[in-house]
Amino acid sequence: MADLPLNSSSDASHQSSTEHPSLEHFWMPFTANRQFKANPRLLTKAEGMYYTDIDGNKVLDATAGLWCCNAGHGRKEISEAVSKQIKEMDYAPSFQMGHPIAFELAERLVELSPEGLNKVFFTNSGSESVDTALKMALCYHRANGQASRTRFIGREMGYHGVGFGGISVGGLSNNRKAFSGQLLQGVDHLPHTLDIQNAAFTRGLSHFGAEKAEVLEQLVTLHGAENIAAVIVEPMSGSAGVILPPQGYLKRLREITKKHGILLIFDEVITAFGRVGAAFASQRWGVIPDIITTAKAINNGAIPMGAVFVQDFIHDTCMQGPNELIEFFHGYTYSGHPVAAAAALATLSIYENEQLFERSFELERYFEDAVHSLKGLPNVIDIRNTGLVAGIQFSPNAQGAGKRGYGVFEHCFRHGTLVRATGDIIAMSPPLIVDKREIDQMVNSLSDAINAVG
């Protein structure tokens, strides 16, 4: 990356802060490996709103890492909590054993959760949270005497991680097609809610598309409610490019699922912990599901961790049989890991003390105005936003889908701003500590990149 220009916060005489490592052996996830290794982007430090790359350049983080560093980077409260915990006890099993910090964290999380979701199962990632939620749905129906309820319903363009359960209910073709022969059987998909023709450049939730929830009634008629276990959707589809629910859509899904005894799962791996202007999207949009999956910002991305929130009636129904028997044959070696839990407790205190969820809501209008100022730039066909998240969509260029989006992403990075490209969509999801000046800087960087790429 010697060709990266130094920005105003870099010293012109600065030498590379770190030796460039060999890139040969790491097979990188969700990356065009050959393209990356020909022109790598390596980050070595992070503090506040900024990364520092391997050549000493400051990079403004407009993505909160990967949707996860909501409290910003380099928080001493988190690192000190991790250091203290790892000295006291680095690991303890959660199979037939326990440690106090996991129980303390579960209690703190429930204080934030929507009404009724008072039980927490710990995982290590969003993918694991989703597979856990699907298993919980099956466990509940079997314990409730309705073992025929085994079908799942996801949604087109949904992303639910990369486990076989998650990609089965997910609706992103690139994640599914190479593994199509091994996906779960008995899965259907609702139509996605992206409607550029009618709702392009909508600020917040669109008035178009709530009727798409009615397809669920058709699937119930086709398969019989007695055979359907759960519906799983992201309240906001993040990885597909910030696709928002139409007004009334989530409420209608809730009505239909409750009517037919079908569980409703919200995948809030991206939206939980302040991204859309409340602790959970469920609370922001006033719809309470039966299960919520989380990860990412639960501990600011410091250590892999996830959590599944469950309605009491699901947990209580599964608590059957003799007391000495395991009720739910599922779990992970690192479920409730003490060091990850310590990081989460410190993170929750930051969120509370600095009122970051409220800050996300308070900055929403300024952020909205800033990103919508990009309307009218070359090839911008839609802008979508809520809370502190936005998607800017481009028309594909003649070289193929995704080329324009990648060009904008790369230009932004070379000029000191990290955004996220999903095909021809740029997603912005800055840490919740962002200020107005930094929002302006992000949007100006995007504007320059869009004009440069054309």
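Only heavy atoms go into these numbers, but all of them, side chains included; no hydrogens, no water, no symmetry mates. One is the number of the first residue; the rest follow in order along the sequence.
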Distance-only polar pair, side chains of Y50 and N57, donor-acceptor under 3.5 Å
no
Checking R359 side chain against L432 main chain: does a donor-acceptor pair fall under 3.5 Å?
yes
Show every ring-ring contact (aromatic ring centres under 6.0 Å, His included) that has at least one partner inside residues 263-290, sequence neighbours left out.
F273-F280, F280-F309
Starting from the C-alpha separation in whole Å, work towards a yes-or-no answer on ring pair (Phe, Tyr, Trp, His ring centres under 6.0 Å) for Y140 and F313.
CA-CA 9 Å; Y140 164 74; F313 76 86; 5.5 Å; yes
Rounded distance (nearest 0.5 Å) linking atom CG of L244 with atom CE of M236:
7.0 Å
Among residues two or more places apart or on two chains, list those pairs meeting ring-ring contact (aromatic ring centres under 6.0 Å, His included) that have a residue in residues 64-86.
Y51-H73
Can you give me every donor-acceptor pair (side chain of residues 164-174, partner residue at least two apart or in another chain, under 3.5 Å) with its distance?
{"residue": "S168", "atom": "OG", "partner": "F164", "partner atom": "O", "Å": "2.5"}
{"residue": "S168", "atom": "OG", "partner": "L184", "partner atom": "N", "Å": "2.8"}
{"residue": "N174", "atom": "OD1", "partner": "K177", "partner atom": "NZ", "Å": "3.2"}

Going from CG on L190 to CE on M157, what distance comes out if it is rounded to the nearest 0.5 angstrom?
14.0 Å
So, using ring pair (Phe, Tyr, Trp, His ring centres under 6.0 Å) as the criterion, who are the partners of F357 when residues are at least two apart?
Y351
I'd like to know if the side chain of N124 and the backbone of P304 have a donor-acceptor N/O pair within less than 3.5 Å.
no
Side-chain donor-acceptor pairs under 3.5 Å in residues 286-298, sequence neighbours left out?
{"residue": "D290", "atom": "OD1", "partner": "R254", "partner atom": "NH1", "Å": "3.2"}
{"residue": "D290", "atom": "OD2", "partner": "R254", "partner atom": "NH1", "Å": "3.3"}
{"residue": "D290", "atom": "OD2", "partner": "R254", "partner atom": "NH2", "Å": "3.0"}
{"residue": "D290", "atom": "OD2", "partner": "L264", "partner atom": "N", "Å": "2.8"}
{"residue": "T293", "atom": "OG1", "partner": "D267", "partner atom": "OD1", "Å": "3.0"}
{"residue": "T294", "atom": "OG1", "partner": "A307", "partner atom": "N", "Å": "3.4"}
{"residue": "T294", "atom": "OG1", "partner": "A307", "partner atom": "O", "Å": "2.7"}
{"residue": "K296", "atom": "NZ", "partner": "L66", "partner atom": "O", "Å": "3.2"}

Test side chain to side chain donor-acceptor pair (under 3.5 Å) applied to S239 - qualifying residues, sequence neighbours left out
none
Where does the angle between the aromatic ring planes of Y332 and H330 fall among parallel (under 30°), tilted (30 to 60°) and perpendicular (over 60°)?
perpendicular
Is there a donor-acceptor contact under 3.5 Å from the side chain of N33 to the main chain of M28?
yes
Say whether, by atom type as modelled, one donor and one acceptor occur between the side chain of N70 and the main chain of P431 under 3.5 angstrom.
no
CD1-CD distance between I243 and E234, expressed to the nearest 0.5 angstrom
8.5 Å
For D195, what residues pass the side chain to side chain donor-acceptor pair (under 3.5 Å) criterion, not counting sequence neighbours?
N198
Provide the full list of salt bridge (charged side-chain N to carboxylate O under 4.0 Å, His left out) pairs with a residue in residues 343-355, sequence neighbours left out, each pair given once.
R75-E354
Show me the donor-acceptor pairs, under 3.5 Å and distance only, between side chains in residues 80-88 and residues at least two apart or in other chains.
{"residue": "K84", "atom": "NZ", "partner": "E88", "partner atom": "OE2", "Å": "2.9"}
{"residue": "Q85", "atom": "NE2", "partner": "M89", "partner atom": "O", "Å": "3.1"}

Let's go through N39 and E410 carefully: what are the C-alpha distance in whole Å and the side-chain angles of both, what is the deciding distance for side chain to side chain donor-acceptor pair (under 3.5 Å) to 0.1 Å, and is it a yes or a no?
CA-CA 10 Å; N39 184 25; E410 188 175 45; 3.2 Å; yes
Interatomic distance, CG@N175 vs NE2@H160, rounded to 0.5 Å, equals 11.0 Å
Could you check whether any side-chain heavy atom of L374 comes within less than 4.5 Å of a side-chain heavy atom of S447, counting everything from C-beta outward?
yes
So, do N385 and V242 sit near enough that their side-chain heavy atoms are less than 4.5 Å apart?
no
Ionic contact status for D369 with R203, cut-off 4.0 Å:
yes
Closer than 3.5 angstrom, by distance alone: can the side chain of S129 be matched with the main-chain N or O of S125 as a donor-acceptor pair?
yes
Can you tell me how far OG of S395 sits from CD of Q393, rounded to the nearest 0.5 angstrom?
9.0 Å
Evaluate side chain to side chain donor-acceptor pair (under 3.5 Å) for H192 paired with S237, printing each intermediate quantity in order.
CA-CA 9 Å; H192 65 77; S237 298; over 6 Å; no
Mind listing the side-chain donor-acceptor pairs of residues 101-113 below 3.5 Å, one per line with the distance, residues two or more places apart or on another chain?
{"residue": "R108", "atom": "NH2", "partner": "S349", "partner atom": "OG", "Å": "3.3"}
{"residue": "S113", "atom": "OG", "partner": "V110", "partner atom": "O", "Å": "3.0"}
{"residue": "S113", "atom": "OG", "partner": "L117", "partner atom": "O", "Å": "2.9"}

Any pair with a residue in residues 131-140 that passes salt bridge (charged side-chain N to carboxylate O under 4.0 Å, His left out), sequence neighbours left out, goes on the list, sorted by first then second residue, please.
none
Nearest-0.5 Å distance that lies between atom CZ in F201 and atom NZ in K375:
5.5 Å
Does R365 come within less than 4.0 Å of E368, counting only side-chain N to carboxylate O?
yes
Any donor and acceptor pair, going by atom type alone, linking the side chain of T63 with main-chain N or O of G65 inside 3.5 Å?
yes
For D312, give me all partners under salt bridge (Lys or Arg N to Asp or Glu O under 4.0 Å), at least two apart in sequence or on another chain.
K119
Could you walk me through whether E364 and R284 pass the salt bridge (Lys or Arg N to Asp or Glu O under 4.0 Å) check?
CA-CA 13 Å; E364 179 180 51; R284 175 71 196 270; 3.2 Å; yes
Flag side-chain contact, heavy atom, 4.5 Å: T333 against Y91
yes
Ring pair (Phe, Tyr, Trp, His ring centres under 6.0 Å) evaluation trace for F122 with H337:
CA-CA 8 Å; F122 289 114; H337 192 286; over 10 Å; no
